[in-house]
Structures are given as structure tokens and as C-alpha cells.
Engineer: 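My structure is below; once you've seen it, I'll send some questions.
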Amino acid sequence: MLKKLLCIILLTQILFPTLSKAQDIALYTQINGRYDFTFIGNTLNPSENTNFSPTFLYTESSATLNLGINDRIERAYLYWAGSGPGDTDVKLNGVDMTPDILSTMVGTANNFTYFSAFKDITPFVQSTGNGVYTLSDLDLNSYVSTYISNATHFGGWAILVVYENPSLTLNQLNIYQGLEALSPNLPLGIIDNMTIQLDNLYLISNTGAKIGFIAWEGDRFIQVSERLTFTANATTNILSNTLNPSNNAFNGTNTETNSTNLYNMDLDVYSIENYIVPGTTSATVSLQSGQDYVMLNTVVTKLNSQLPDATIVVENPTSTCDSREVTIDYTVSNLNSTEVLQANTPITFYAGSTAIATTFTQNVIPIGGSENGTITLTIPITVPLNFTLTAIVDDTGNGTGIAPELNENNNSFQIEFELIVSPTFNTLENITTCNLGLTRGIFDFSEYSELVKTNPLHIVSFHETYNDAVQNINPILNTSNYEALTTPKEIFVRIDNGCFSITSFFLLTENCPPTVYNAVSPNGDGSNDTFFIDGLRDIFINFKLLIYNRWGKHLWTGNNDKPDWNGYVEEGVGSTIAPAGTYYYILYLNDPNYHEPLTGYLYINR
């Protein structure tokens, strides 16, 4: 925004506060189809600001939206701006509005702050439709006494309305927004400027081509090198119309209503039909000022560009275990476009940087339409298990397409993918424990669930049969105290990572040395009534036990088929009951691991 003061020579420093550049004007959105745009809005200034007037600002003002009967509202964006750091609580037709974006600029000469607020109000305007719109509760009067010193006290609001009409040509609307200032430097005549680049254009016709601006704080009586230019095909033209002279582009006007009293704000639209020709692919818009401060908020272009806009989305990638084939679903769309997408548009798929397959669209895809497809890709062995899968529509396989598009930078879609292979695992050793009889044993293999893993994320389960492991059913739950009724017993281990591997180990038993309890009291009390040897019966099934008295007389022979000795003397003379005293035994285990007999004594207590 530029400031003008009547006493220019004496008040130069007041007239030219330098504003910091911030919130660069950039493309906000692009809309393609049978669309056009208009502005409505109003100032809060009772008159154009000077360093002595006005002494107040309105807190509300109104404007009227009057679209045609066949115009359908597609988008609506509300902007309000003024002096100060920003009023973020306003009302539109009595409804509270708070900004989606608040942009500010600070004057470096006086540290004055200026703001612009933005809100998407599309549903609100769609439901309200034509009629009067009143913005209220925008009260900036507390700043007037300060900002009047350099005539930068202002306030205003605007609504950008994008509408569709079936009678319109197919157009491309580009909406650029931010908050930038044209801030000329001292001395006067040093021009400030900004340029906006318009790319990816492909005009089929220049019919109805136009450009519009929302700008704040322009002054009707300051017109020093203030200019709007449009450059296309190496030709630059100065934009002007009946309300906006070529040297005073920002002068408080609204070309949509032919208003000349939109004090300190501009809602201007210029025809560029004569400055652009079919086939144009790029253009620039440049703004300059040699004195007037101007804050540019929004730039809108409408160009008759008939082109498709191919995009692609990949979904549901699937593969089977230990396979390098991946099946994917994909959708090619032509949504934000102004022309159909022809059949046989190529689609290339990449694994990492390697092109692995090319297919083609099957049908003409209309504006706003899409086409679904499925393809199975074979991933080369040179591609790692983890890779980026990229699909690019309008790509012949070498990064080039076959047709121009509205947007050449949105043709690809990427997902991260991992081929799943059966997990590797560590070999598990067999486990051996003491034979508890008839090869029965108790085992603890709880640590094996971690020992078998090569990746801590693998899931491990134990099973008694191979089929249970394959089907992942009937897992062994008690791995720390597992009883095998007979051995050798094979335990199957399932290692799962989405795929699975199966390994196994054996549970084995061995005949451990028996334990002899040599105190016998055969009195029928149920305690030590017989000569008991733990770990003998049903383990050393061929054992032979001989009992002798102290003089070496053989008294009794036992084996696995006879009960334990209770002091009975076989073929005793006179008595068959062995008296209290010490006796001796010889135990032949008849086991290949125990060649020598075990010998010792026992004592009978009566």
C-alpha cells in the first residue's frame, strides 16, 4: 500500500513506511471446467484516507451478489483486511466468522502492522445464494488515531465467488493468494515490483480470458509509475480499462459494479483476450508502483484451456509368500480437467527406479470421470524386498508422455511395499531329560520361542504335529512344563511374519542314575515299608536286584515284574521274615550306559 500525504516534502518519512515482504503470493487452488468468477465487497472507509481524514471507520458495510439463474456456486472465499494486527472475530449476515489464514505485514519505518484474513465460506454462500451480504463487527477504530499520521487507516472486505454455468467455455481458473506489498523506496521514483508466473497453460481459445485482483490501500490520487502488465508469447501489454488508467491501477474501484468510491481497496477485473493467443503455454503478471503502497491479496486468472488432467491412485497391493509377483488395483482419473482423456494413455509402473511394466487406459475418460484397472507385476530379482512402487499415468516408460495436460506434475502415485518371504530361523537343538518311566519326560523349552527368531517381530508357536503347525491350530501353551508321554517326541515350531516357516526339534529321554533309599521299616505304616529305588522301575526294564545278608547268603531276587522287597526271604529256613539288621544289594541295570552293577547296603528296622 502506498501512502500519500499532502505535505510530501515535509512528511516524506511519514508518507513512505517500508513494509516487510511476507506471505508470498502463490497458487492456492486450480479449478477446471465451465467456470467463471466475480467479486463482491465493500470498504469501511467513509472517504479516501489522508493524514487528517476520515477520523473514523465504519464497523460494517454491505454488497450484493447477483448471479444468473443458471449459475451454480462452486467456491466462495471471504477476505477482510485493515490496519492493525487483525480483527479475527467478525460476522457475515450475523454469523460469526473466524479466519482460516491470518496474514500480517509490519512497516519497518514505523512498525505499523496491517493484516488480511481469509476464510473458505463455500457452504455458507451456497446456502445463502443471491442477495445482500453484510460484514459487521470489523471494528478498527482504535487504530485510527495512530495510523492517520501516515494515512494508512483503512478497512474493507471482499468475497471471491467461483460459479459454474453450462453455457461457459471450458476454462482453467487459477487462484493465487498471500499478502505482498508494493513498497517503493526513497527517494521517489525507485520502483517496487512483483511478478507472478503462470505455467502449464495450453490455450485453445482466448475467448473470455481475464484476470482479477483483490488489493488493499490503493489511493486514487497517487499515480506514480503504478502499473499492471501482462506478458505472453514475448509480448508485454499494460492492463487498463475505463475505471483503471494505465498509470493508476490501484485507485479504489470495483470493475464488477463500476464503482469509483471503493476507498482504499480494489476489486478489479481486466480482459486479456487481446494479449493471449491459442497455444500459449505460459505467461506472467507484473505489478509495479513508484509511490503508492499497495497490498496485493489475491489474483485470479480465467483462461480457456481445454486439456485433460490425468491422475492415478494405486490400492490394495497384494502378493503371496515367497513370490515376486504383486497384484494391484489402480484408478486413473480425469477430475480437474477441461477435456476428455483419450483411450490408450500409457501407464508405467516402477519398482524403485526400474520400469517393470506398461499398460494403457481402455476407454475415453470423460471430464470428472475415472477408470479402474488391475495388473499383476513381476518384481525383478535385482529389486530388494523393500521398495517404492510408483505408478505414472501418461508415461511411455522413459518419463515422457504422449499428450499435454493441464498439470504435468500430478501424474504419479507412490506406495512403499515389501515382498514377504518365509522367515529365516535359528536351528534348535534337541532337548534331553531324565526318563520318568516308559520314556516319559518333563521338558522346558520356553526359551526356544526367542532363540529360534532372527527377527524380534516374528511370532512363534509350538505344535505337536506338522499339520497343526501349518494350519496354526492347537498350539502348545505350557512350554515350561511340558509332559511328553513317550519319547522321542518331535515338536514343530511355526515362525510367522505374514508368511511362515516350520522347523522342529526332538524331546529325548535318557536313563539317569537311580536313587537308592536304604532305610526299610516293613511295619505296614505306609512309610518305607519296602526297599525303594527311585528312577528304576519302567526305566531300566531289564534290571536285576539281588539281596544278601551280612554272611553273604542270597535272600531275594527282584526285577521289573516283581514288587519291591519288603523283607521277605525266599526259601527261608525256619522264618521267611528277615530280622532287623544290615543287608547288602547288588543291582544289575543291564543298560549299555551302565556296565558295572551298583552295590550298597540297606538296613531293616523292625
Engineer: Are Thr374 and Asp329 close enough that a side-chain donor and a side-chain acceptor fall under 3.5 Å?
Structural biologist: yes
Engineer: Rounded at 0.5 Å granularity, tell me how far NE2 in His153 sits from CG in Asn51.
Structural biologist: 9.0 Å
Engineer: Looking just at side-chain N and O atoms, do Thr348 and Thr358 make a donor-acceptor pair shorter than 3.5 Å?
Structural biologist: yes
Engineer: Who are the salt bridge (charged side-chain N to carboxylate O under 4.0 Å, His left out) partners of Glu74, not counting sequence neighbours?
Structural biologist: Arg72
Engineer: Do Phe118 and Tyr28 have ring centroids that are under 6.0 Å from one another?
Structural biologist: yes
Engineer: Considering residues at least two apart in sequence or located in another chain, which fulfil the side-chain contact (heavy atoms from CB on, under 4.5 Å) criterion with Glu416?
Structural biologist: Thr388
Engineer: Could you check if a side-chain atom of Ile31 sits within less than 4.5 angstrom of a side-chain atom of Arg75, using non-hydrogen atoms only?
Structural biologist: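 Ile31 reaches Arg75 side chain to side chain.
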Engineer: Quiz question: by atom type and distance under 3.5 Å, do the side chains of Asn344 and Gln342 form a donor-acceptor pair?
Structural biologist: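 Not at all, the side chains of Asn344 and Gln342 share no donor-acceptor pair under 3.5 Å.
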Engineer: Just one of Thr298, Leu160, Thr29 clears the side-chain contact (heavy atoms from CB on, under 4.5 Å) bar with Gln177, so which one?
Structural biologist: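 Output: one option passes, namely Thr298.
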Engineer: Under the side chain to side chain donor-acceptor pair (under 3.5 Å) test, which residues partner Asn372, sequence neighbours left out?
Structural biologist: Thr331
Engineer: Evaluate the side-chain hydrogen bond (donor to acceptor under 3.5 Å, both in side chains) criterion for residues Asn363 and Glu371: first the C-alpha distance (whole Å), next the side-chain angles of each, then the deciding distance (0.1 Å), finally the verdict.
Structural biologist: CA-CA 8 Å; Asn363 306 289; Glu371 176 182 289; 3.1 Å; yes
Engineer: Do Tyr275 and Asn233 get their side chains close enough for a donor-acceptor pair, meaning under 3.5 Å?
Structural biologist: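 Checked: Tyr275/Asn233 side chains show no N/O donor-acceptor pair below 3.5 Å.
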Engineer: Can you tell me how far CG of Asn254 sits from CG of Asp266, rounded to the nearest 0.5 angstrom?
Structural biologist: 9.0 Å
Engineer: Quick one, Thr195 with Ser286, criterion side-chain hydrogen bond (donor to acceptor under 3.5 Å, both in side chains). Give me CA distance, side-chain angles, the key distance, then yes/no.
Structural biologist: CA-CA 4 Å; Thr195 297; Ser286 298; 3.1 Å; yes
Engineer: Can a donor-acceptor pair be found, under 3.5 Å and without considering hydrogens, that links the side chain of Ser83 to the backbone of Thr152?
Structural biologist: yes
Engineer: Distance only, no hydrogens: is a donor on one side chain within 3.5 Å (strictly under) of an acceptor on the other, for Asn70 and Asn165?
Structural biologist: no
Engineer: Would you say the side chains of Tyr114 and Glu217 form a donor-acceptor pair under 3.5 Å?
Structural biologist: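 Result is no, nothing qualifies.
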Engineer: Residues in side-chain contact (heavy atoms from CB on, under 4.5 Å) with Leu335, at least two apart?
Structural biologist: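 Only Ser333 meet the side-chain contact (heavy atoms from CB on, under 4.5 Å) criterion with Leu335.
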Engineer: Do Asp309 and Asn336 have side-chain atoms, one donor and one acceptor, less than 3.5 Å apart?
Structural biologist: no
Engineer: Quick one: does Asp137's side chain have a donor or acceptor within less than 3.5 Å of a partner on Val90's backbone?
Structural biologist: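 No.
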Engineer: Please check this pair: side chain of Asn248 against backbone of Gln223, looking for a donor-acceptor N/O pair closer than 3.5 Å.
Structural biologist: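 Looks like no, no N/O pair under 3.5 Å.
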Engineer: Are side-chain N/O atoms of Asn66 and Thr64 paired as donor and acceptor at under 3.5 Å?
Structural biologist: no
Engineer: Can you sort out the partners of Ser116 under side chain to side chain donor-acceptor pair (under 3.5 Å), two or more places apart, ordered by chain and number?
Structural biologist: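 In terms of side chain to side chain donor-acceptor pair (under 3.5 Å), with neighbours along the sequence ignored, Ser116 is linked to Asn297.
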Engineer: Just verifying a value: how many Å separate Thr361 OG1 and Asn334 CG, rounded to the nearest 0.5 Å?
Structural biologist: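 These two atoms lie 10.0 Å from each other.
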Engineer: Considering only heavy atoms from C-beta outward, does the side chain of Leu135 approach that of Lys91 to under 4.5 Å?
Structural biologist: no
Engineer: With rounding to the nearest 0.5 angstrom, report the OG1 to CZ distance, Thr253 to Arg220.
Structural biologist: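 Rounded to the nearest 0.5 Å, the OG1-CZ separation comes to 10.0 Å.
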Engineer: Who pairs with Thr236 by side-chain contact (heavy atoms from CB on, under 4.5 Å), at least two apart in sequence or on another chain?
Structural biologist: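 Here the qualifying residues are Thr229, Thr231.
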Engineer: Give me the one residue out of Asn206, Leu173, Thr169, Ile272 that meets side-chain contact (heavy atoms from CB on, under 4.5 Å) with Leu303.
Structural biologist: Ile272
Engineer: Considering only heavy atoms from C-beta outward, does the side chain of Glu226 approach that of Phe250 to under 4.5 Å?
Structural biologist: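 With C-beta onward as the side chain, the pair touches.
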Engineer: Looking at Tyr330 versus Phe349, is the centre-to-centre ring distance below 6.0 Å?
Structural biologist: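 Centroid separation for Tyr330 and Phe349: below 6.0 Å.
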Engineer: Under 3.5 Å, is there a donor on one side chain and an acceptor on the other for Ser289 and Asp192?
Structural biologist: no
Engineer: Ignoring hydrogens and geometry, is there a side-chain-to-backbone donor-acceptor pair from Thr38 to Val161 under 3.5 Å?
Structural biologist: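 Here the side-chain-to-backbone pair does not exist.
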Engineer: Within the 4.5 Å heavy-atom criterion, are Ile175 and Gln30 side-chain neighbours or not?
Structural biologist: no
Engineer: What is the distance from atom CZ of Phe112 to atom OH of Tyr143, rounded to the nearest 0.5 Å?
Structural biologist: 12.0 Å
Engineer: Is any side-chain heavy atom of Tyr133 closer than 4.5 Å to one of Phe124?
Structural biologist: yes
Engineer: Sub-3.5 Å donor-acceptor pair from the side chain of Asn411 to the main-chain atoms of Val393, do we have one?
Structural biologist: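 Yes, because the side chain of Asn411 sits within donor-acceptor range (under 3.5 Å) of the backbone of Val393.
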Engineer: If only side-chain N and O atoms count, and only distance matters, is there a donor-acceptor pair under 3.5 Å linking Gln414 with Thr390?
Structural biologist: yes
Engineer: For a quick check under 3.5 Å, do Ser259 and Asn261 share a side-chain donor-acceptor pair by atom type?
Structural biologist: yes
Engineer: Under a 3.5 Å distance rule, please check whether Thr280 uses its side chain to pair with a backbone N or O of Ile276 as donor and acceptor.
Structural biologist: no
Engineer: Can you confirm if the NZ or CZ of Lys210 lies within 45° of the ring axis of Phe37 and under 6.0 Å from the centre of its six-membered ring?
Structural biologist: yes
Engineer: If you look at every heavy atom in Ser62 and Asn42, which pair is closest and at what distance?
Structural biologist: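 So the minimum-distance heavy-atom pair works out to O-ND2, 2.8 Å.
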Engineer: Indicate the atoms forming the closest heavy-atom contact of Val340 with Pro366, along with that distance.
Structural biologist: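 Nearest pair, atom of Val340 first, then Pro366: CG1-CA, 3.9 Å.
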